Engineer: 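If you scroll down you'll find the structure; I have some questions about it.
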Amino acid sequence: IDVDLNKIDLNDKELIEIYNHIFNYEPDEAFEKSKIIFFNSGFFYKERAEQELEMLKIIEKHVKKEDFAVKFHPSVAKVPMEYEEYQTMKLKQIPFESFIMNNKASAKKILISTCSSAMLTPKLVFGLEPQFVYLDGTFESEKEETKQNSAFQTGELSIFNKVKAIYNN
């Protein structure tokens, strides 16, 4: 089914205030000053977590640490020790969309993830077109658990391809 969703108007201050109240929005300094947001997927199995850390180390070789921040999945209650050296967004139950609604420059950020649907919402919900890099399948896995949860295996990658097709740039 091909449905054209009405986009949320980012100039509608009253609507944004309602969302801010519902989700207890607070500005996040790491989000505001970062050019790149890396979405930690909150996976609880070790191999995927190790792969995400390896990705961060690769990014760190090419980008200054102060230019990127890690956004943890809402299910993460405490910053894992392995991430303490990185700039991280606050651990709050605030949806990523709230940060977009309150930061007009968010469309210029680069979004990177191994598996996060939050990378799709700027386009689908707001009509924005930030650059995104989807890394699932970048690492080979010997473990069946990781293979079964890969978007390449579950078919979720087709969603990203469909979104890519509706981008103007």
Side-chain angles (χ1 to χ4, degrees), residues 8 19 23-139 141 145-146 148-164 167:
I8 292 177
Y19 277 102
F23 293 110
N24 295 315
Y25 172 78
E26 296 174 9
D28 189 287
E29 184 180 346
F31 176 82
E32 300 203 5
K33 69 182 190 178
S34 296
K35 297 174 186 172
I36 298 170
I37 304 296
F38 182 90
F39 291 88
N40 169 273
S41 56
F43 281 109
F44 297 106
Y45 49 96
K46 190 175 180 179
E47 186 181 33
R48 181 56 71 113
E50 289 170 353
Q51 290 171 348
E52 288 188 353
L53 272 171
E54 193 171 332
M55 284 293 174
L56 273 178
K57 291 183 187 321
I58 292 169
I59 293 167
E60 184 181 14
K61 290 178 183 175
H62 303 281
V63 179
K64 293 184 275 184
K65 274 189 178 179
E66 61 267 16
D67 285 342
F68 73 90
V70 177
K71 165 75 170 94
F72 287 94
H73 188 273
S75 65
V76 175
K78 182 179 179 219
V79 174
M81 188 173 57
E82 300 87 359
Y83 287 87
E84 288 178 352
E85 66 182 278
Y86 297 104
Q87 178 174 239
T88 60
M89 292 178 64
K90 295 175 193 166
L91 293 178
K92 302 269 184 186
Q93 301 301 318
I94 301 171
F96 182 66
E97 294 76 13
S98 293
F99 295 103
I100 294 171
M101 288 193 300
N102 287 281
N103 187 310
K104 300 245 188 259
S106 61
K108 295 181 177 162
K109 294 187 183 299
I110 298 170
L111 310 178
I112 301 174
S113 176
T114 59
C115 186
S116 176
S117 62
M119 293 180 12
L120 302 176
T121 55
K123 176 64 176 175
L124 298 176
V125 177
F126 304 109
L128 301 174
E129 296 189 356
Q131 295 178 14
F132 69 83
V133 181
Y134 186 66
L135 299 170
D136 188 44
T138 304
F139 288 98
S141 176
E145 181 179 37
T146 306
Q148 288 176 351
N149 288 303
S150 169
F152 287 105
Q153 295 297 323
T154 62
E156 293 171 18
L157 190 61
S158 63
I159 294 169
F160 286 89
N161 287 331
K162 288 178 182 176
V163 170
K164 181 180 166 187
Y167 261 59

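Everything quoted here is computed from the prediction, not taken from an experiment.
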Engineer: Nearest 0.5 Å, what's the CZ-CD1 distance between Phe96 and Ile94?
Structural biologist: 12.5 Å
Engineer: Any side-chain heavy atom of Glu60 sitting closer than 4.5 Å to one from Lys65?
Structural biologist: yes
Engineer: Determine the interplanar angle of the Tyr19 and Phe23 rings, folded into 0 to 90°, and report it as parallel if under 30°, tilted if 30 to 60°, perpendicular if over 60°.
Structural biologist: parallel
Engineer: I need the minimum non-hydrogen distance between Ala69 and Met89, along with the two atoms involved.
Structural biologist: CB-CG, 4.4 Å
Engineer: With a 4.5 Å heavy-atom cut-off, do Leu111 and Pro122 have their side chains touching?
Structural biologist: yes
Engineer: Please lay out, stage by stage, how Ile112 and Phe68 fare under the test side-chain contact (heavy atoms from CB on, under 4.5 Å).
Structural biologist: CA-CA 10 Å; Ile112 301 174; Phe68 73 90; over 6 Å; no
Engineer: Which value, rounded to the nearest 0.5 Å, describes the distance between Leu53 atom CG and Asn40 atom CG?
Structural biologist: 8.0 Å
Engineer: What residue pairs, at least two apart or across chains, pass side chain to side chain donor-acceptor pair (under 3.5 Å) with a residue in residues 92-102?
Structural biologist: Asn20-Asn102, Glu97-Thr121
Engineer: Using 0.5 Å steps for rounding, measure from the CD atom of Glu54 to the CG atom of Leu56.
Structural biologist: 10.5 Å
Engineer: Flag the pair Tyr86 / Phe38 as yes when their ring centroid distance falls below 6.0 Å, and as no otherwise.
Structural biologist: no
Engineer: Would you say Lys108 has more than 12 foreign heavy atoms packed within less than 6.0 Å of its NZ?
Structural biologist: no
Engineer: Looking at Glu52 and Phe39, what are the two nearest heavy atoms and their distance?
Structural biologist: OE2-O, 4.3 Å
Engineer: As an exercise, state the distance from CD of Gln87 to CG of Asp28, rounded to the nearest 0.5 Å.
Structural biologist: 8.5 Å
Engineer: Could you tell me which non-hydrogen atom of Thr88 sits nearest to which non-hydrogen atom of Tyr83, and how far apart they are?
Structural biologist: CG2-O, 4.1 Å
Engineer: Identify, with sequence neighbours excluded, every residue that meets side chain to side chain donor-acceptor pair (under 3.5 Å) alongside Tyr25.
Structural biologist: none
Engineer: With salt bridge (charged side-chain N to carboxylate O under 4.0 Å, His left out) as the rule and sequence neighbours excluded, what pairs involving residues 66-81 come up?
Structural biologist: Lys35-Asp67
